[in-house]
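From a predicted model like this one, the values you see are computed outputs, not experimental measurements. By convention in this document, chain letters (A, B, ...) are assigned in the order of the sequence lines, proteins followed by strands, and residues within each chain are numbered from 1.
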Number of protein chains: 2
Amino acid sequence: MSGNWRPPSSTDVARAAGVSQSAVSRAFTPGARIAEATRAKVMAAAEALGYRPNLLPKILQTNRSGIVAVVVGGFYNPYFAMTLEAFSLALTAAGRQMLLVRVDSDRVLDGVVDQLAGYRVDAVVSALALTSQDAADQLAKLRIPIVTLNSDLAGDWIRSVSSDNFAAGEAAARLLHARGGTRFGFVAGPADSPAQVAREAGFAQGLASLGLPPAVRAGGGYDYASGEAAARALFAGPERPDAVFCANDLAAFGVIDTLREAFDLKVPDDVLVVGYDNLDMAAWAPYRLTSFDQDVEALVEAAMALLSVEAGATCVARTVPSQLVERESTRRR
Amino acid sequence: MSGNWRPPSSTDVARAAGVSQSAVSRAFTPGARIAEATRAKVMAAAEALGYRPNLLPKILQTNRSGIVAVVVGGFYNPYFAMTLEAFSLALTAAGRQMLLVRVDSDRVLDGVVDQLAGYRVDAVVSALALTSQDAADQLAKLRIPIVTLNSDLAGDWIRSVSSDNFAAGEAAARLLHARGGTRFGFVAGPADSPAQVAREAGFAQGLASLGLPPAVRAGGGYDYASGEAAARALFAGPERPDAVFCANDLAAFGVIDTLREAFDLKVPDDVLVVGYDNLDMAAWAPYRLTSFDQDVEALVEAAMALLSVEAGATCVARTVPSQLVERESTRRR
DNA sequence: TTGTAGGCGTTATCAG
DNA sequence: CTGATAACGCCTACAA
């Protein structure tokens, strides 16, 4: 156990195999011109020494690390897990590594930019609404492509993928109306989420174009507790909604549980509920929640495609349709 | 938009500032001896060029990347999300980066070892039961420390942290007995999970030491569907259990929903249920599930401590007690 | 305090 | 087909 040990280098292998360092490099380069005998000698020596090629020198020369940084704001929402899972698979399939960066706020991301630049990450994927134009500009200056999910930033090195939040909002309005809703409620997500804004706008537009009264509004977060609070607010008065669109599933669960527990209201008999994200849980017995499937696969596929787009290309934004999955929460018997 | 652009190097900055490259290096090294005037010149030039120090050369020389690889097996379980979240915070606080590696099976990890070695990751954290001794040995040969969570591997470079699964199993037995359970059921996790094995063994031991009959057994997975299937199996016959310990919360939810839907049994009135992990969802109205909190914070803290332990140190395994959180699922009225 | 020179481990280029 | 050599960008002696 020597104090300062160093992993075996190609030079070490070369010495052991009695060849030059270049020969070792060639032995590990697919498709390189090298005699089979030489390759065998090298491989034997490499095996004996436990040699693994160091990737850093190559990165140093090419400035391409094969690492993609994925920035997330928190893991409380299973939706992030779905996204991460899909990204992880896609990146692995593309032979790239994923550097996971968690930021509490955009200010923190600013601090992380130096690190990301230092590691020469090939690209940054922002799965949270990265509203900081400043951080985006810094990355752009470094010519690091950014792919944002459900965001509304724009710029040379910024590409974005969104699910069609506006259209989903409209569809929610049509569905709730078709299923017999007359007094509408909207449980909002955080105000700084472009996705939330678009969903709400679409919902409002959908109601308006059907000649229906606007929705009563409550909420302000994407979590369960927000849904609970929103339900309490919406159903406290005498004019209770009978059809509620929630900015996401997690909030919808909070709404449903609160309706049952605190107001003794049944879903869908007394109130219709629609969510967004189509989490696994949406299919569970206590909820059977009608929801919009963001089609994470497609979202990620689009994002991966945008990662490889050259700078200044025309296609910088893509929208992926979300699909309505209807369950019992909007099916009155 | 030149085709092959290269980020500004310290040499570029030096040229722009009219100083030597080493002066730039010193300007960016905290506590280096450099005249204030020189530093100012350098900083101005750096700012103008958008220079960020490249971390790779340093890594190349020190073989310390500041990157910790976290290996996970899937994200379907919110428990992984909790763990990731905690690790992410801890690593960031320690000024390190997290490379997230998802593997489908241990065989795949073997393939990833080369990559991890190539990037010179400082350590590997395995949040899945990394049962492949082979992969572990490979990493050990490379002198890359491994910290495994809830695993039972051993070796020079392997350290492990576990929650006290056995003790929790015993506690579950005591609790279910104290709350009036007489016929016991166990909903198992995957057979290759050491945590599952320990929980089951502890449960069996707990029942035995109370002079109770052994538990009927079903299941074999950590997900909701496994819980559903296990409940169907356990409650199909005439001898139905009235107290069930589930290897984790997700399975417990499946059990509870199935009892309600398929067997018209009430929890806790007809059946007592205990889970493991204490997910956020365990507190939700439809479940109010008694569960064991793994104390992820402590688990991660312990893991972080083990990351810095020198090779050959004596402390290679730590156990973190899990805390029982009792809710309505075990409180008969 | 500052500049010069060597080396980290690899790939690419070129001469043999 | 093989071996020597020059980068890549930084840090760390060492010399001025």
Enquirer: Mind calculating the distance between CZ (A:Arg15) and P (D:dG3) to the nearest angstrom?
Expert: 15 Å
Enquirer: Using whole Å, report how far CZ of B:Arg33 lies from P of D:dC11.
Expert: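 Going from CZ in B:Arg33 over to P in D:dC11 covers 17 Å.
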Enquirer: Under 3.5 Å, is there an N or O donor on one side and an acceptor on the other linking the side chain of B:Arg26 and the base of C:dG3?
Expert: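 Per atom types, the contact qualifies.
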Enquirer: Would you check if the side chain of B:Arg102 reaches a backbone N or O of A:Ser88 as a donor-acceptor pair within less than 3.5 Å?
Expert: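 Checked: no pair found.
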Enquirer: So, A:Thr11 versus A:Gln21: side-chain donor-acceptor pair below 3.5 Å or not?
Expert: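 No pair is found: no donor N or O on one side chain lies under 3.5 Å from an acceptor on the other.
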Enquirer: How many Å lie between CZ on A:Phe28 and P on C:dG9, as a whole number?
Expert: 15 Å
Enquirer: Just verifying a value: how many Å separate B:Gln138 CD and B:Lys141 NZ, rounded to the nearest 0.5 Å?
Expert: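 Going from CD on B:Gln138 over to NZ on B:Lys141, the span is 7.0 Å.
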Enquirer: Pick base, sugar-phosphate or nothing for B:Arg6, based on heavy-atom distances below 4.0 Å to the nucleic acid.
Expert: sugar-phosphate
Enquirer: D:dC11 base to B:Gln21 side chain: any donor-acceptor pair below 3.5 Å?
Expert: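 Yes, a donor-acceptor pair under 3.5 Å.
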Enquirer: How about B:Tyr79 and B:Tyr222: are their ring centres within less than 6.0 Å of each other?
Expert: no
Enquirer: Of the nucleotides C:dT1, D:dT12, C:dG9, which one has an atom closest to the side chain of B:Ser22?
Expert: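 That would be D:dT12.
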Enquirer: To the side chain of B:Val19, which of C:dG9, D:dG9, C:dG3 is closest?
Expert: C:dG3
Enquirer: Counting side-chain heavy atoms from CB outward, which of D:dG9, C:dG7, C:dT10 is closest to B:Gln61?
Expert: C:dG7
Enquirer: Please tell me which of B:Ile34 and A:Leu55 maps to the more 5' nucleotide of DNA chain C, matching each residue to the nucleotide holding its nearest heavy atom.
Expert: B:Ile34
Enquirer: For D:dG9, does either OP1 or OP2 sit under 4.0 Å from a side-chain N or O belonging to B:Thr11?
Expert: no
Enquirer: Scan A:Asn63, A:Leu142, A:Ile144 and name whichever one has a side-chain contact (heavy atoms from CB on, under 4.5 Å) with B:Pro7.
Expert: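 Running side-chain contact (heavy atoms from CB on, under 4.5 Å) over A:Asn63, A:Leu142, A:Ile144 with B:Pro7 returns exactly one hit, A:Asn63.
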Enquirer: Looking across every strand, which nucleic acid part, if any, lies under 4.0 Å from B:Tyr51 by heavy atom: base, sugar-phosphate, or nothing?
Expert: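 Since only primed, P, OP1 and OP2 atoms lie under 4.0 Å of B:Tyr51, the category is sugar-phosphate.
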Enquirer: Which whole-number value in Å describes the distance from B:Leu142 CG to C:dG9 C1'?
Expert: 16 Å
Enquirer: Given atom NZ of A:Lys41 and atom C1' of D:dT2, what is their separation to the nearest angstrom?
Expert: 11 Å
Enquirer: Find the distance B:Leu60:CG to C:dT11:P and express it as a whole number of Å.
Expert: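 Spelled out: CG on B:Leu60 to P on C:dT11 is 12 Å.
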Enquirer: Given atom CG of B:Leu56 and atom C1' of D:dC8, what is their separation to the nearest angstrom?
Expert: 10 Å
Enquirer: In whole angstrom, what separates B:Asp12's CG from D:dG9's C1'?
Expert: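 That distance rounds to 10 Å.
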Enquirer: Taking only side-chain nitrogens and oxygens of B:Ser25, does any of them come within less than 4.0 Å of OP1 or OP2 of D:dC10?
Expert: no
Enquirer: Both B:Ala23 and A:Pro53 contact DNA chain C. Which one's nearest nucleotide lies toward the 5' end?
Expert: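 The residue closer to the strand's 5' end, by nearest nucleotide, is B:Ala23.
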